[in-house]
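Accompanying notes for the structure given below.
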Amino acid sequence: MEIENNLPKTFDPEGAQDKWYDVWMKNQSFKPRPGKQGKTFTVLMPPPNVTGKLHMGHALDATTQDTLIRYKRMKGFETLWIPGTDHAGISTQAVVEKLIWKQEKKNRHDLGREEFLKRVWEWKEQYGNEIVNQQKKMGVSCDWDYSTFTLDEIPNMAVKKFFVMLFNEGLIYQSDYIVNWDPVLQSAISDAEVEHKDVKGFFYSVKYKVKEDPNVELIIATTRPETMFADTAVAVNPNDERFKDLIGKTAIIPICNREVPIIGDEHVDIEKGTGCLKVTPGHDFNDFEIGKRNNLPIINILNKDGTFNKNAPEIEGMNPKDARAEVERIMTELDILVEKKEHVHPVGHGQRSDEIIEPMVSKQWFLNTTQMAADAVKAVESGEMTFFPKGWENTYFAWLKNPKDWCISRQLWWGHQIPVYYCKHCEAKWAAETDPTECIECKGKDFFQDPDVLDTWFSSGLWPLSTLGWPDEKAMKEKGFDKFYPNETLITGFDIIFFWVARMMMMGMKVTGKVPFYHTYIHAIVRDKQGRKMSKSLGNGIDPLDMVKQYGADAMRFTLAAGSGYNRDLNLDPERIEGYRNFVNKLWNAFRFVYPFLDKAQDELPVKSEWHLHDKWILAELNDVAKVMNEAMDVYRFDEASSAIYAFVYDKYCSWYIELSKNILYGTDEREKVIRATMLKFCFKKIVTLLHPITPFLTEEIWSYLSKDLLITQEYVEYDKSLENPEVLELMNKFIELTTGIRNIRSQVNMKPKDEIDVRIFSDDKKFAKFTYDSRRFLKALANVKSGTIRDKNQERPKKSASLATGFAEIFVPLEGIIDISEQVNRINKDIERTKADYAKVEGKLNNQNFMANAPEAVRAEVLEKAKLAQDKLASLNLILASFQ
RNA sequence: GGGCGUUUAGCUCAGCUGGGAGAGCGCUACCCUUACAAGGUAGAUGUCGGGGGUUCGAUCCCCUCAACGCCCACCA
């Protein structure tokens with residue numbers, strides 16, 4: 001039979017993507033709209049860097065958030081998903097600096113601050129929105145009108161307001177302190193931006209002389225002999241018997257022959273090294289603390305670029321590597337180098353620059369986070385904010401329970417300039433939200449603003465507030481601050497729990513007293529097939545846009561959703577995307593099948609009495625899927641939701657319901673046709689509704705043939721208890737097992753699909769027998785059964801047939817003379833052994849007094865049922881065996 | 001050094017308060033059957049990392065060992 005079908009044979013993702021995104025935009029589908037829940041649901045997109053190009057991490061971010069927001073939208077929440085981009089101080093400045101250098105051979109100092117910033121803004125306007133277009137390709141349904149850039153006016157106001165507030169409380173202070181100095185960026189960075197990596201170096205043992213005791217030689221172990229020039233003491237542990245007497249005496253630093261005191265300090269580990277420690281307060285974190293305890297002077301021997309300054313004359317101008325070699329040479333010459341052995345130790349590297357960080361003392365701005373961190377901890381402990389999966393709260397606590405003051409100033413230009421002003425006439429130093437016109441003390445006009453900018457995360461931490469207009473009252477009203485703050489869910493990767501989640505919690509609570517969001521769902525990190533991090537140097541990156549082009553956005557989204565649950569890693573194999581592309585196409589083709597019958601379908605389902613058993617069955621199965629998906633989505637188990645609908649579409653709807661429907665649709669009973677067409681359409685509407693949050697384009701496309709309105713704003717499918725039907729499920733499962741059994745026999749004896757067969761079924765299961773009899777016409781279609789009988793088990797079995805037994809039925813296909821008897825006998829014997837083994841297991845339990853006494857009723861009943869099934873099957877198999885005698 | 005996590009079919013992973021192990025991909029055989037070869041039908045595969053314990057019963061809980069991964073930690 002030829003049925004006219006003008007739908008393309010494969011789904012065209014690109015066409016659907018462009019078409020529907022436009023429609024949704026025009027229809028304002030992404031805007032918050034009050035729904036039946038009477039509640040809002042807000043999600044804040046982690047703002048990607050303006051320099052960014054969409055990578056797989058973003059794709060996963062986008063997929064999980066969009067899936068969630070579409071789901072909640074359909075559930076009837078007033079959903080708002082807020083997009084934005086981050087100025088990303090360091091990386092953006094670096095990108096533009098590099099560009100200018102390439103084109104004009106000028107650095108930022110050549111241009112001057114004002115001109116340089118102008119160039120960065122120009123760059124941002126031109127290239128900064130690339131990532132937004134890429135996100136759109138993935139179907140993100142955020143409200144673009146809320147889009148915010150971290151350097152926009154409102155975020156800038158937020159930063160100033162917050163800064164001034166905490167400055168006036170004394171929580172933000174300026175201090176000469178030892179900081180992580182990145183010599184490439186020539187800026188301080190925060191502790192969180194330092195990554196420790198193991199580096200191969202050497203352990204040098206160096207002879208020091210003691211002034212009072214020329215015969216005594218102290219051996220000091222160090223990995224950084226070049227910092228000797230900045231030493232201001234030698235320390236030993238006061239409890240160390242070996243050196244106790246030296247405390248109070250004077251050591252002479254070799255090479256520069258400077259005299260420094262020998263002090264006692266508990267920090268010195270008696271076991272470690274030689275037990276004598278050179279103290280370098282200017283360039284070592286611990287030594288800085290020792291220095292403070294002992295009132296030691298600080299000597300700085302480094303320039304901002306990491307080279308040595310005039311305080312280390314022998315190595316002045318050298319970089320650390322050359323300096324170390326030079327010092328080593330001098331030490332050898334002076335014969336004070338006792339030993340040099342290889343040593344692997346962790347060394348801090350800049351997260352952005354990947355250069356070795358030099359601890360250096362400088363004047364920086366700090367934020368005292370003690371109280372804020374404690375509050376942020378409490379909020380999670382009390383359950384006000386919950387992590388999914390819960391385990392991630394440990395990472396959060398690890399950081400916040402040991403809070404260190406946050407170094408918030410950066411010696412960069414691109415960013416929020418610190419709103420602190422200094423008067424040139426008097427000593428006044430003050431913070432202000434708006435540009436001042438005069439000194440607050442002397443009213444003089446000659447003042448200047450602190451040249452440093454704030455750490456990028458300082459503005460990111462205020463993101464939940466500033467994207468909703470805070471602190472500008474008019475903007476807050478327009479954007480619905482009171483309605484949408486706190487957000488509902490934050491979705492992000494675990495790598496920024498410290499950087500971002502913790503900071504937003506601290507800052508959001510500080511300002512509003514409320515957590516900025518109630519849930520934090522931490523998704524996996526996307527890795528390559530072998531579990532390696534995707535990186536440029538390995539060349540193992542997968543470009544999401546390539547994948548979208550090759551397989552379609554829906555296929556990629558489904559892959560990411562299916563792969564993301566509560567796991568930490570998502571090892572992405574492009575073959576999986578291909579697999580799910582096939583799923584997308586499968587559903588499309590299922591729709592192609594249904595399509596020509598749509599005009600027969602009615603709008604309303606027929607009365608229940610007219611439902612075929614198939615209908616009851618598929619609706620019950622579909623209802624199960626709705627239940628699973630709703631529950632899974634609510635706890636961010638996108639993997640479970642995906643696999644539930646996947647399995648349903650393939651294994652229930654396509655393999656059985658559509659196949660069973662063919663007989664009806666191609667038949668002659670018109671009423672039956674109408675009902676079936678109605679059911680097929682009804683199911684399809686439910687399927688695409690359930691699937692829409694994950695694969696929006698495909699489903700909206702299909703929906704457009706099913707309904708005049710848009711799917712994106714339809715109500716999600718809810719679980720409906722009245723559709724449950726365990727009896728029908730059991731019957732259908734038996735029918736499926738029977739059909740599969742017959743096909744199995746066909747396959748065993750190498751039958752061609754065209755070969756028709758005669759089947760004899762024996763069963764004492766009355767319901768099954770009746771249903772099978774009623775379904776005889778379907779067996780013809782599904783297993784090419786030409787004729788057959790179904791009888792009680794007390795009837796005689798045919799001889800020498802290809803046969804098979806389930807617990808509830810025996811299937812005989814009489815093929816005497818065609819089949820290989822011994823092969824059949826072997827097969828039956830194997831099955832007998834397997835079934836005996838199965839039975840032995842359950843029998844053991846039934847004979848176990850303790851099991852019978854302790855196991856719950858339901859478990860016992862189940863075991864009993866299994867035992868009966870195995871026994872019946874065994875009896876059947878023995879009968880079959882006998883038929884070959 | 002501290003913490004977290006992982007170890008289940010060839011590969012990537014599920015397995016939800018303990019009742020006898022699943023999916024996708026891959027693989028094998030047969031099929032271009034009138035929605036779909038980006039497909040169909042049938043099929044094979046696991047000492048659930050090792051050892052011990054609790055329990056009537058352990059992939060699941062406890063102890064221990066091993067391997068791997070990640071995060072944090074003051075560069076003697």
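What you see is a predicted model; the values in this text were computed from it and never measured. Chain identifiers are assigned alphabetically (A, B, ...) following the order of the sequence lines, protein sequences preceding nucleic acid strands; residue numbering begins at 1 within each chain.
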Would you mind classifying the nucleic acid contact of His343(A) as base, sugar-phosphate or nothing, using non-hydrogen atoms under 4.0 angstrom?
sugar-phosphate

Indicate whether OP1 or OP2 belonging to G20(B) is found under 4.0 Å from a side-chain N or O atom of Lys866(A).
yes

Heavy atoms only, 4.0 Å cut-off, all strands: where does Arg746(A) land among base, sugar-phosphate and nothing?
nothing

Within the structure shown, what part of the strands sits under 4.0 Å from Gln849(A) by heavy-atom distance: base, sugar-phosphate, or nothing?
nothing

Please classify the nucleic acid contact of Phe288(A) as base, sugar-phosphate, or nothing, using heavy-atom distances under 4.0 Å.
nothing

Answer yes or no: is there a side-chain heavy-atom contact under 4.5 Å between Val380(A) and Phe387(A)?
yes

Does the side chain of Tyr177(A) come within less than 4.5 Å of Asp405(A)'s, by heavy atoms?
no

Does the gap between the ring centers of Tyr636(A) and Phe388(A) come in under 6.0 Å?
yes

Under 4.0 Å between a side-chain N/O of Arg576(A) and OP1 or OP2 of C25(B), yes or no?
no

Taking side chain as C-beta onward, heavy atoms only, is Phe499(A) less than 4.5 Å from Gln351(A)?
yes

Taking the six-membered ring of Tyr204(A), is NZ or CZ of Lys340(A) closer than 6.0 Å to its centre and within 45° of its axis?
no

If pairing requires Watson-Crick or G-U wobble contacts with both distances under 3.5 Å, which nucleotide is the partner of C70(B)?
G3(B)

Reckon Lys841(A) has a side-chain N or O less than 4.0 Å from the OP1 or OP2 of G57(B)?
no

Is there a side-chain contact between Lys9(A) and the phosphate of A35(B), meaning an N or O under 4.0 Å from OP1 or OP2?
no

For residues 391-406 of chain A, which residues have at least one heavy atom under 4.0 Å from RNA chain B?
Lys404(A)

Phosphate OP1/OP2 of G39(B): any Asn582(A) side-chain N/O under 4.0 Å
yes

Check: A38(B) base within 3.5 Å donor-acceptor of Arg581(A) side chain:
yes

Answer yes or no: side-chain N or O of Glu659(A) and base N or O of A35(B) forming a donor-acceptor pair under 3.5 Å.
yes

With heavy-atom distances below 4.5 Å as the criterion, would you say the side chains of Trp656(A) and Leu782(A) are in contact?
yes

Is the charged tip of Lys662(A) near the ring of Phe593(A): under 6.0 Å from the six-membered ring centre and within 45° of its axis?
yes

